[in-house]
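Start at 1 and go down the list; that is how both ligands and their atoms are numbered. Along the sequence shown, residues carry numbers from 1.
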Amino acid sequence: MKRNKFLILSILLISFSYVYGYVQNKDNVLMTEFNTPFGTVPFGQINTEDYLPAIEKAIDDAKLKIDRIIKNSGEPTFENTVEALENSTLWLNQLASIFFNINHANTNKGIQDAAQIISPMLTEFSNDVRLNEELFNKVKEVYGNKDKYELSAEQQMLLDKTYKDFIRNGVNLDSSDKEEFRKLTNELSLLTLDFANNVLAETNAYELHITSEDDLSGLPRDIIEAAAQTAKSKNKEGWVFTLHQPSYLPFQKFADNRQLREEIFRAYNSRGFHNNENDNQQIIKRIVEIRLRLAQLLGYKTYAEYVLEERMAKTPAKVDSFLNELLEASLPFAKKEYNEVQEFAKANGADFQIQKWDWYYYSEKLKKSKFDVNDEVLKPYFRLEDVKAGIFSLVNELYGISFKPNHDIPLYHPDVETYEVIDEEGRHLAILYLDFFPRESKQGGAWMTNYLEQYRLDNKDIRPHVSLVFNFAKPTETTPSLLTYNDVHTFLHETGHGLHSILSECQYCSLSGTNVYRDFVELPSQIMENWAEEKEWLNKVAVHYETGEKIPDDLLNKILESKNFNIGYSFIRQLAFGLNDMAWHTIMKPVAEPVADFEKAAGAAADIFPEVEGCVFNTAFGHIFSGGYAAGYYGYKWAEVLDADAFSLFKKNGIFDRETADSFRTNILSKGGSEDPMKLYKRFRGQEPSIEPLLESSGLISE
Ligand SMILES: [Zn+2]
């Protein structure tokens, strides 16, 4: 059930805060304290050209603070070294977050150009810090004396993490290796940016322009209307379909014209693969080569080995056995599903073998014939406004928090909404931004991010500014924004990430909220999706937007009966992504073969379709080549195991049970990365997670 979504975590290896010790600059608002409600980002007063000098200034400021740590002649202590280092970059951290968030959600040429300068500049700074031996020696001394101090669990975590970060970033390398390390990380940061820019350019470059009404056959009314609107916005007659999800996916599902389905499928699945200026093939190969070399310099055999050391899974072997265990359980189901769809298509006149561009089309029709339910039947019951209210009230029921609209907070785009998040005692917990609709300046998919993270400084609790970004269908002239059932899942998912930040009660920025191991970070998000599969909740949310009528019981039953429809396929699809990710990151020498061949070999065990020449997905696989999920994509499935296991406790105690929710909040959501995730999990669950609840709830247990 997972889709193209990710969470942007700190780009930097280190993190920061808010200490303004410099001269105010009236012209550049980013160089001043924000004079806005709750100190929110003063969008509207920021010019694109402000980012670079402000970030340069913040880097200088951080360097001064770090210099003071180094020059301190007293004995290094936890406070004057580790904590001081943590706090030296708080302001830089926030500026960098603002900049990269805007580059994702509302970019333009100027911002993209600035990113080309800022990104390597930050890498360079980060390297300057992490390769600084004098600084490391101080940290090492504190680390060696750690038993002398009475550190809290979170302080111990910060100390361990800081110490290991230096080593993992090359401080022990000799000077020529250090030089190479530095060069390679700089190159890597630029390549990942190029990768993302190419995917965006390729996504925007394509359109399917339809001028004959016949070619719209099968498509639902609102999808046609949206395509007409897109055409109009481009000064074109007829209808325009694009590679953005709300346009592309319905076309795959509903368009009767098989040839056009194939055309748009091929366009989508060849982004970055056209041997043009946006081609990503060489970029991918170079990215994985650099990652391998970095790992080798640090003494690891593969990049995956290096990454996984800092994950719950710990080793590539563990991830491989995990992926293969799930593959073994799901592949027979996926094959059965493929045959069933093939038989169904045949019975309905298809005299060909089912191809990838037929899969969603016939699956949708088979699902309708089996369950008489599909997105178009359900969408009228999921008006965006109602779903939003339903999610707010669910969160209120579980955690007692509420959302108060605030119209005074500056916005980066008029589509964005803002809320104050308040707990039962009236305490201010967070600011929440919601950004729902697609536009050309925004990356595809959905994600959660922070404009400001939670931490404490000088006895002050800094509360987070959280943003949830989506690409839901825009309202049209006649229809409000209606969500698919999958969108409802996505909304809950990102809300879960948001709660991880909103409810954070940590001391240190770099350990708060979603700053946890990558294979733990999807637990809070994915657990929220379980409520979308509960009648009790759906009954409260799903109301027909025109008639106001509650969703009929039989329709509700059908949603729930059909929730595991083609689940075997959805498992193997995720597993194919995970296997590819692991293949790219367990190489032990640079990849010589073409990207298409590599991809085919890596995912073969999880592929049930005839091969399609000219199509690959890795050249647009942003998660692992620009999104921070390298050697980490398996984390989605890993977290599904966790979330199914965790939700089974809610099922046992009641899905709105306040005590269970309190325990989840106290032991997991409020703790961020301040302690080992397995410890946190066991405190909530009383035991380690088991794979069984996931296989069971997915119907993947053969009798
Ligand atoms: Zn997520």
Asker: Which angle, to the nearest 10 degrees, do you find at the Zn ion (ligand 1) between NE2 in H493 and NE2 in H497?
Answerer: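 An angle of 100° at the metal.
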Asker: Has E494 got an N, O or S atom lying less than 2.8 Å from the Zn ion (ligand 1)?
Answerer: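 Here the distance criterion (N, O or S atom, under 2.8 Å) is not met by E494, so no.
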Asker: May I ask you to check whether Y268 and Q245 show a side-chain donor-acceptor distance below 3.5 Å?
Answerer: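 Side chains of Y268 and Q245: pair found under 3.5 Å.
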Asker: Please say whether more than 12 non-hydrogen atoms of neighbouring residues, nucleotides or ligands are located less than 6.0 Å from NZ in K679.
Answerer: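 Incorrect, the count does not exceed 12.
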Asker: Go through Y303 and W584 one step at a time and tell me if the ring-ring contact (aromatic ring centres under 6.0 Å, His included) criterion holds.
Answerer: CA-CA 9 Å; Y303 186 71; W584 287 113; over 10 Å; no
Asker: Say whether Y455 and E453, considering side chains only, have a donor N or O and an acceptor N or O under 3.5 Å apart.
Answerer: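 Result is no, nothing qualifies.
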Asker: Tell me which N, O or S atom of E522 sits nearest to the Zn ion (ligand 1).
Answerer: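 Nearest N/O/S atom of E522: OE1.
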